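Notes follow once the structure below has been shown.
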Amino acid sequence: QQKVQQSPESLIVPEGGMASLNCTSSDRNVDYFWWYRQHSGKSPKMLMSIFSNGEKEEGRFTVHLNKASLHTSLHIRDSQPSDSALYLCAASPGGSNAKLTFGKGTKLSVKS
Amino acid sequence: DPKIIQKPKYLVAVTGSEKILICEQYLGHNAMYWYRQSAKKPLEFMFSYSYQKLMDNQTASSRFQPQSSKKNHLDLQITALKPDDSATYFCASSPGTGGSQNTLYFGAGTRLSVL
């Protein structure tokens, strides 16, 4: 059973629109979350991380975290065609030997 | 310049053969990893090393053997290759282990095709 669930599987938004992606962990030990972006044929690159309850904003990207529900969301405003990619959520318990577990991802397409 | 170098970029192998995937990182990180990604499965953890010591192994098969000759070097040897091993293998590193130190930085990957 996948421990990191992402939704939706795919998402199409118009250029300039808002994209909202969701991620939930089923592992109660998880304490740290990351969002990675992977363009087609490329490697994943860390987009944002969030380790505390609340919200974090960097430019057009905002992440939210609710530790009680182990849910994080990524919001992209003013979406651009270059934002079209696979967005991966990763979670970790944070111990010294804790690996990152990734979800299957949300494939975002931004249509101009 | 890429800070995590993976070689080769593409690899074609025949069933039953053996291959070695190379990875070197120049980020000064203390931990290195191998992940695998295929069309059938999401990005999947395989191994983690810290200061050249194996920390975690989630690969069920002994056909996959990591090799670390230096702190910034982690190769992956795969023996008795099967078509099901076809995937992109990503090497990654992190500043340390634990908490925010676990943030992963990925290499460009080696795309392996087993015929």
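Residue numbering restarts at 1 for every chain, and letters A, B, ... go by the order of the sequence lines. If you're wondering where the values come from, they're calculated on a predicted model, not measured in any experiment.
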Do other residues, nucleotides or ligands put more than 12 heavy atoms under 6.0 Å from the NZ atom of B:K71?
-> yes
Can you tell which part of B:T103 gets under 4.5 Å to a heavy atom of chain A, answering side chain, backbone, both or neither?
-> both
By a 4.5 Å heavy-atom criterion (distance strictly below it), what part of B:Q101 contacts chain A: side chain, backbone, both, or neither?
-> neither
Give me the other members of the hydrophobic cluster that B:Y51 sits in, counting Ile, Leu, Val, Met, Phe, Trp and Tyr linked by side-chain heavy atoms under 4.5 Å, directly or via other members.
-> none
Transitive ILVMFWY cluster of B:L81 at side-chain heavy atoms under 4.5 Å: who else is in it?
-> B:L11, B:L21, B:M32, B:W34, B:M46, B:F47, B:Y49, B:L54, B:F64, B:L74, B:L76, B:I78, B:Y89, B:L112, B:V114
Nearest heavy-atom pair of A:G103 and B:P42: which atoms, and what distance?
-> O-CB, 3.7 Å
Can you spot which of B:F106, B:Y105, B:Y35 makes a ring-ring contact (aromatic ring centres under 6.0 Å, His included) with A:Y36?
-> B:F106
Which distance, rounded to the nearest 0.5 Å, do you find between the CG of B:L43 and the CG of A:L86?
-> 9.5 Å
OH (B:Y33) and CG (A:L100) are apart, to the nearest 0.5 Å, by 7.5 Å
Are [Y] and [X] co-members of a hydrophobic cluster defined by side-chain heavy atoms under 4.5 Å apart?
{"X": "A:L88", "Y": "A:L74", "answer": "no"}
{"X": "A:Y87", "Y": "A:V110", "answer": "yes"}
{"X": "A:W35", "Y": "A:I76", "answer": "yes"}

Taking only residues two or more places apart in sequence, or in another chain, which ones meet B:E44 in a salt bridge (charged side-chain N to carboxylate O under 4.0 Å, His left out)?
-> B:R36
Chain B neighbours within residues 40-69 of chain A, where any heavy atom lies under 4.5 Å away | A:G41, A:K42, A:S43, A:P44, A:M46, A:F51
Sort out for me which of B:T88, B:D56, B:L104 touches chain A most, counting heavy-atom pairs under 4.5 Å.
-> B:L104
Do the side chains of A:K99 and B:M55 get nearer than 4.5 Å, heavy atoms only?
-> no
Does the pair A:Q38 and B:Q37 meet the rule for a side chain to side chain contact (heavy atoms under 4.5 Å, CB included), with working shown?
-> CA-CA 12 Å; A:Q38 186 177 21; B:Q37 188 178 43; 2.9 Å; yes
